[in-house]
Each structure stands twice: as structure tokens, then as C-alpha cells.
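All values below were derived from every heavy atom in this structure, side-chain atoms included, with hydrogens, water molecules and symmetry-related copies excluded.
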Amino acid sequence: MKIVESQRPIERNIAMELVRVTEAAAMAAARYLGRGDKNLVDDAAVTAMRHTLGYVEMDGIVIIGEGVKDDAPMLYIGEHIGNGSGLEVDIAVDPIDGTTLTAKGLPGAISVVALAAKGSMHCPVDLVYMDKIVTGRVARDAIDINASVAENLNNVARAKGRSVSELTVVILDRPRHEQLLAEIREAGARIKLISDGDISASIQAAMPGSEVDLLMGVGGTPEAVLSAAALHCIDGAIQCKAWPRTDEERNTAMAAGVDVDKVYTTDDLITSDDVFFAATGVSSGELLKGVRYFSGGAQTQSLAMRCRSGTVRWIDSLHNFDRLHKVSFFDGK
């Protein structure tokens, strides 16, 4: 593994501080659950996340965010974030992984932040989509994105001491996956289709004791890096390759010097053990419960991970809106 040695290990468990950030974004966005407006959901989450990140003691730079500066007023790629203290870090954010899920009132939306030592988070920005395969620690050495679907399933089944028919593969429900679905069914594995949210699905595919064994298929490149941050914390593995949608997109990427045949692994996307990951449920799903309101407050459930210690925490929090507005911009309305 390539490790960034340019600074001392980060002793502070920033994952616990990042939970405050994802909690704020989740509570702000959940107000618009089922309202049918993705922009309302995203705007609320971005504003809350940006504000709360500003109080974290760090000098962070956004590696994965809401786009470039001209397209995004905040949390744009390259933005410096935090209170400017000496801790230099890379930041990746997805204020809502599942804006459509939230807007439609569907389960599984989460708010996500990942942080790593400066210079250790790498996103192939010229690639919009990537073909991915994800699994957990037991089968991490059994996957090969260049191998056939049947070969991968057989190898993972062997590593887990099961038959292929006992494996479950999670896949985004998209027309582009028709051939992949046919090959998985031909091999005899079970399939779980999801409409959105492949960060959450990637974590489930790698989490010990999960009902999901693998994630396969094409999804967003930023989501691959955010997933890699979580997977690095729990000894999971991701492999991914460029998936150009058109010849023009392929040629543009190649002209920019991108090797479209390169296989990116967890260690290519995140090159440090100083990695922290936090997520909070927006709408209840299999990974996390969503925001639940009560008179004068709300309850949230979050996930906090620290790579260096390998610690994973589920955090249930009660928020008192009368007191919360005194220490943050959140007004509970």
C-alpha cells in the first residue's frame, strides 16, 4: 500500500466531528422528504454541511464536491474548508447520496463525508462513470474486474465457503446492466436491485455480517472514491475501471492523459491510513435509519469509521432544536 508520509499520523478521531456535519445535512434535507423537489433537498443539505464543516479544526480542500466553482457556490472542488487550523486534509462530500430517493420519499438516502491526509485522496475527474466490483475482507483477494462475472462469483463463493447460489449481488437498476444481470442469473447468484445509492450499497457489500456479498456494475466516479474511503476503514475492496458512455467521452479522457484501461483499486483511490468516514441516514434504509422527528427535536442514526484503528461506530443521537439553534445556524423549522 502506498502511504503518504508527508505529515504525522492524525491522532484526533475526526470521524466523530464529521458526524456532526452529516447530522446537520441530513436533518436539513429530511424536511423535504417526499416533496418531489431534488433541488430543495440538495440545497438544504449543501448549506447545512458547508456551514458545519466551517467549524471543524482543519485546513481542508474539497477533492470531491458539488462541481467546479462556476457551477457551485459552495462545497466546490478546490474550495478550502474548515477553520484554517494546521491540520491539512483532503475532503470528499456527498451532502445527499440519494437526492431522488429523498425527493420521492424512498428509503436509503444518506449524507456522507470522508476525510484523508492531504494528497492521499485521488479522484479520476475526467471519468464520469466507472465499472465497479466491491466486496468485504474475506473475499477481497478473490475479485478481478477483468475476469468474467462467473469467475468472480465462483472465486468469491469459494473464499466465503459458500455456493454461488448463496451469494447476493447488489446492482443499480439501470438499462445498461441488462447483460450483467443476465450473466449473474446464468451463474446462479441472487440479485438485489437498487434505484440509487451505491455508496450505501458498497458499504453493505463489505460490512461483516451483511446480507449482501458483492456490488457490481457501473456507477458514478465520485461515489467510487467515497466508497473506497469507507472500504479502506473496514478492510473491504473495490476495483473499478473507466466506463466511457460514448466514443467522444473516451477520446476526451484519453486526450487528457487518462488510461481508460487502468484498474483502480482501493489503494489507488485512497493512499493513506489516515482516513475518516461519516454518514447519517436521511430516509430509513438497510444501512441506517432516517431522521425521525418528535416535538421540539429529532433523532438521527449515523456511522463513523476510522481507518487507522479499524473502529466502526453506530451513533444514535437526540437533537433538541431549542438548544441546537443556539450553537448552530439550524433553526429546526
Is there any salt bridge (charged side-chain N to carboxylate O under 4.0 Å, His left out) pair reaching into residues 279-300, and which pairs are they, with sequence neighbours excluded?
K192-E286

Whether the side chain of R250 engages the backbone of V260 through a donor-acceptor N/O pair (distance < 3.5 Å, no angle test) should be reported.
no

Please tell me if the side chains of D42 and E66 come closer than 4.5 Å, counting only heavy atoms from C-beta onward.
yes

Interatomic distance, CD1@I171 vs CZ@R176, rounded to 0.5 Å, equals 11.5 Å

What is the distance from atom CG of D94 to atom OG1 of T22, rounded to the nearest 0.5 Å?
12.0 Å

Using the rule that two of Ile, Leu, Val, Met, Phe, Trp, Tyr join whenever any of their side-chain heavy atoms come within less than 4.5 Å, decide whether V212 and V169 are in one cluster.
no

Could you walk me through whether L172 and V218 pass the side-chain contact (heavy atoms from CB on, under 4.5 Å) check?
CA-CA 8 Å; L172 282 168; V218 175; over 6 Å; no

Identify, with sequence neighbours excluded, every residue that meets salt bridge (charged side-chain N to carboxylate O under 4.0 Å, His left out) alongside D198.
K132

Just to verify, what does Q299 make a side-chain hydrogen bond (donor to acceptor under 3.5 Å, both in side chains) with, not counting sequence neighbours?
none

Could you check whether any side-chain N or O of D235 sits under 3.5 Å from a backbone N or O of L231, counting only pairs where one atom can act as donor and the other as acceptor?
no

Please walk me through it: do T52 and E23 pass side-chain contact (heavy atoms from CB on, under 4.5 Å)?
CA-CA 10 Å; T52 313; E23 285 174 344; over 6 Å; no

Looking at V291 and A26, what are the two nearest heavy atoms and their distance?
CG2-O, 3.7 Å

Distance col, row I63:CD1 vs S120:OG, nearest 0.5 angstrom, shows 9.0 Å

Same cluster for V263 and L180 if Ile/Leu/Val/Met/Phe/Trp/Tyr side chains link at under 4.5 Å?
yes

Please tell me if the side chains of D144 and Q239 come closer than 4.5 Å, counting only heavy atoms from C-beta onward.
yes

Residues in salt bridge (charged side-chain N to carboxylate O under 4.0 Å, His left out) with R174, at least two apart?
D196

Give the cluster check for W243 versus L215: same hydrophobic cluster or not, with ILVMFWY residues linked at side-chain heavy-atom distances below 4.5 Å.
no

If you group Ile, Leu, Val, Met, Phe, Trp and Tyr by side-chain heavy-atom gaps below 4.5 Å, do W314 and V19 land in one group?
no

Residue set satisfying side-chain hydrogen bond (donor to acceptor under 3.5 Å, both in side chains) with K160, at least two apart, ordered chain then number -> D213

Has T135 got a side-chain atom pairing as donor or acceptor with R140's backbone, closer than 3.5 angstrom?
no

Tell me whether V134 is reachable from L193 by hopping between hydrophobic residues (I, L, V, M, F, W, Y) whose side-chain heavy atoms are closer than 4.5 Å.
no

Residues in salt bridge (charged side-chain N to carboxylate O under 4.0 Å, His left out) contact with R245, at least two apart in sequence or another chain
E249

To the closest 0.5 Å, what do you measure between CG (L269) and CD1 (I64)?
8.5 Å

Does the side chain of Q204 reach to within under 4.5 Å of the side chain of V170, using non-hydrogen atoms?
no

Using modelled atom types only, decide if a donor and an acceptor are shared between the side chain of S283 and the backbone of G290 within a distance under 3.5 Å.
no

For the residue pair I61 and D90, establish whether any side-chain heavy-atom pair is separated by less than 4.5 Å.
yes

Pairs touching residues 45-58 that satisfy salt bridge (charged side-chain N to carboxylate O under 4.0 Å, His left out), sequence neighbours left out:
R50-E79

Nearest heavy-atom approach of M74 to T47 is SD-CA, 3.8 Å

Side chain proximity check, H232 to D267, heavy atoms < 4.5 angstrom:
yes

Side chain of H80, backbone of D59: donor and acceptor closer than 3.5 Å?
no

If I take atom CD1 from residue I91 and atom CD1 from residue I81, how far apart are they, to the nearest 0.5 angstrom?
7.0 Å

Side-chain touch Y264/I238, heavy atoms, less than 4.5 angstrom:
no

Testing the basics here: between A92 and M121, what is the closest heavy-atom pair and its distance to 0.1 Å?
CB-SD, 3.5 Å

Is any side-chain heavy atom of V93 closer than 4.5 Å to a side-chain heavy atom of V21?
no

Pairs under 3.5 angstrom only: tabulate donor-acceptor contacts from the side chains of residues 96-112 to other protein residues two or more places apart or in another chain.
from: D97; atom 1: OD2; to: I199; atom 2: N; distance (Å): 3.4
from: T102; atom 1: OG1; to: G98; atom 2: O; distance (Å): 3.0
from: S111; atom 1: OG; to: P95; atom 2: O; distance (Å): 2.9

Run through the side-chain heavy atoms of Ile, Leu, Val, Met, Phe, Trp and Tyr, join any pair under 4.5 Å, and report what else lands in L318's cluster.
F294

By side-chain hydrogen bond (donor to acceptor under 3.5 Å, both in side chains) - contacts of D173 (at least two apart)
none

Audit row: R137, I234, side-chain contact (heavy atoms from CB on, under 4.5 Å) steps and yes/no
CA-CA 8 Å; R137 179 182 61 82; I234 56 178; over 6 Å; no

Assess R20 against Y55: is NZ or CZ under 6.0 Å from the centre of the six-membered ring, and within 45 degrees of the ring's axis?
no

Determine whether V156 and I143 satisfy the following criterion, side-chain contact (heavy atoms from CB on, under 4.5 Å), listing intermediate values before the conclusion.
CA-CA 7 Å; V156 169; I143 57 172; 3.8 Å; yes

Between atom CG of L287 and atom CD1 of I203, what is the distance when rounded to the nearest 0.5 Å?
5.5 Å

For Y32 and V41, which heavy atoms make the closest approach, and how far apart are they?
CB-CG2, 3.9 Å

Does some side-chain heavy atom of V164 sit less than 4.5 Å from a side-chain heavy atom of N154?
yes

Distance-minimising heavy-atom pair for A224 and C240
CB-SG, 4.4 Å

Going by the rule salt bridge (charged side-chain N to carboxylate O under 4.0 Å, His left out), which residues pair with E151 if we only count those two or more places apart in sequence or in a different chain?
none

Under the rule for side-chain hydrogen bond (donor to acceptor under 3.5 Å, both in side chains), what residues qualify as partners of T265, not counting sequence neighbours?
D268

Nearest heavy-atom neighbours spanning A229 and V275:
O-CG1, 3.6 Å

